[in-house]
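All of these numbers come straight from a predicted model, not from anything done at the bench. In what follows, chains carry the letters A, B, and so on, assigned in the order in which the sequence lines appear, proteins first and then strands, with residues in each chain numbered from 1.
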Protein chains: 2
Amino acid sequence: MTSSETGRAMLDPSPGTIGVQGDSAGGPRQQSPEKSPRPMRADAKRNYDKILATARIVFTERGTDSSLDEIAKRAGVGPGTLYRHFPTREALVDALMQDWTDRVAADADAAIATGLPAREMLLGWFEHFIGHITLHRGAASKICAAMDDPASPMYRKCRVMGDANRRVIDHLDQAGDLRPGVDAANVMRLVSGVASVADTSHAELDVRPMLEVVVDGIVHT
Amino acid sequence: MTSSETGRAMLDPSPGTIGVQGDSAGGPRQQSPEKSPRPMRADAKRNYDKILATARIVFTERGTDSSLDEIAKRAGVGPGTLYRHFPTREALVDALMQDWTDRVAADADAAIATGLPAREMLLGWFEHFIGHITLHRGAASKICAAMDDPASPMYRKCRVMGDANRRVIDHLDQAGDLRPGVDAANVMRLVSGVASVADTSHAELDVRPMLEVVVDGIVHT
DNA sequence: CCACAATACGGAGACTGTCTCCGGTTTAGC
DNA sequence: GCTAAACCGGAGACAGTCTCCGTATTGTGG
């Protein structure tokens, strides 16, 4: 949190502006562009939004393992309604991920735009990334699991973030700043792992030292 | 698993021989050397062992999040008995950790004894370490959490493994093979994080590439 | 504006897993 | 063998997940 704030201050772009080329959007019901006859009833959308807003609060307060029935209750709907809209907990987390994926992508482009030296650029980008995916306790490890699992509802959004990371890596690679053979997907896994340990650790530990090792293992000597 | 096996073949020491200076032992009831009047009744020890043996099997089959009541059932005891011996799931995992901590410590010393170049030595040691802590699915992330949480029952054993790692790191550092300022605890966290992502990932992914980045970030340029 | 089919709601409850309490049983020491 | 201490185990309280289906709401065609 603190590190996220610090990092953010360092290279904050005109926030929420830069367009993301990825899929994004894809809110309720419109996942498949074709074959979507009806746009969703008014009361349905109302409840959908209420559940999402409540989940955002509860997940922030108590993490992504909070009781789903409680979220339903606090949203003022029955459990059945919640489970119809979000068949699994992952689906709910996925819907919430929309909040960051755009920002993450924007942060990646902003990091590139800073033109800082490779080390600083990577450090800043990684800290931003981690700041986002650790917003809700428990989310980081779920992302780790979804990253390489195409069957996961979160897979798509993981790819958007993966692409953002690839842009940063490719940019530095083309500038000759990285060691040969650096794999963006691998870096993504590693940094997500760092996020995961920071998230699960009961102690409030600083991710910086771990990131420095990772960065040193990536940048050209 | 494969990587573990591979690594193991590479530097297998006379297995289970090298003494660990740490606490180790500490089996049922004797945690506190003083103030331990009675050694534990025969039937109690019998059940304790039966539960442990069953847990070893079930945790290997289905991971450390298996139902504890089922373990009790398969061990032929009531849930009450299981919970009396192991008040929390962590306590049970901790008891099972005894299986590896000794081996892990031995592996560290064996790695040092190989006298391989820093890169290879670290790679081998890390792979061994990860091979052990990912034996039961879900254990790695529990270890990540316990590592910096002195209140956890697993904390002690984490320290034993942490000390083993420190020996390897210190050895290489004194040989001048590492970058200045490398922190063993930090490395431990990082490598455990790698184990954690490998463990939670649904895809059977290779830890080697991630470890190479970590190692490159540690060794002297 | 109203009827009515499609759609969505929500809560009762089945199911699973955690953990406790306590009457009954086993053990160890005499 | 006898007794007190230690231990057993299962009934059951509790919490969370998830489903089924009778009821209510919506929006559309007449």
Donor-acceptor pair, side chain of Ser196(B) and main chain of Ala140(B), under 3.5 angstrom: no
d([atom1], [X]; [atom2], [N]) in whole Å:
X	N	atom1	atom2	result
Lys73(A)	dC9(C)	NZ	C1'	17 Å
Arg46(A)	dG10(C)	CZ	P	10 Å
Tyr83(A)	dA12(C)	OH	C1'	15 Å
Glu70(B)	dG9(D)	CD	P	17 Å
Arg62(B)	dT16(C)	CZ	P	14 Å
Asn47(A)	dT26(D)	CG	P	10 Å
Ile71(A)	dA15(D)	CD1	C1'	15 Å
Leu68(B)	dC19(C)	CG	P	7 Å

Sugar-phosphate, base or nothing in reach of Ser67(B), heavy atoms under 4.0 Å: sugar-phosphate
Touch class at under 4.0 angstrom, heavy-atom based, for Arg84(A) against every strand present: base
Which nucleotide in dT19(D), dC7(D), dG27(D) has an atom nearest any side-chain atom of Ala44(B): dC7(D)
Per Asp43(A) side chain, nearest of listed nucleotides dA8(C), dC8(D), dC18(D): dA8(C)
Over 60° means perpendicular and under 30° means parallel, so classify the ring planes of [Y] and [X], tilted if in between.
X	Y	value
His136(B)	Phe59(B)	perpendicular
His85(B)	Tyr48(B)	perpendicular
Phe129(A)	Trp125(A)	tilted

Approximate separation, where rounding is to 0.5 Å, of Glu212(B) CD and Ile218(A) CD1: 12.5 Å
Over 12 foreign heavy atoms within 6.0 Å of CZ, Arg137(A): no
Neighbour count above 12 (heavy atom, 6.0 Å) for Arg159(B) CZ: no
What N/O pairs connect the protein and nucleotides 12-14 of chain D at under 3.5 Å? Give each pair on its own line.
none

Residue closer to the 5' end of DNA chain D, Thr88(A) versus His85(B) (nearest nucleotide): His85(B)
Phosphate contact (dG9(D) OP1 or OP2) by Thr81(B) side-chain N/O below 4.0 Å: yes
Donor-acceptor pair present, Arg41(B) side chain and dT26(C) base, under 3.5 Å: yes
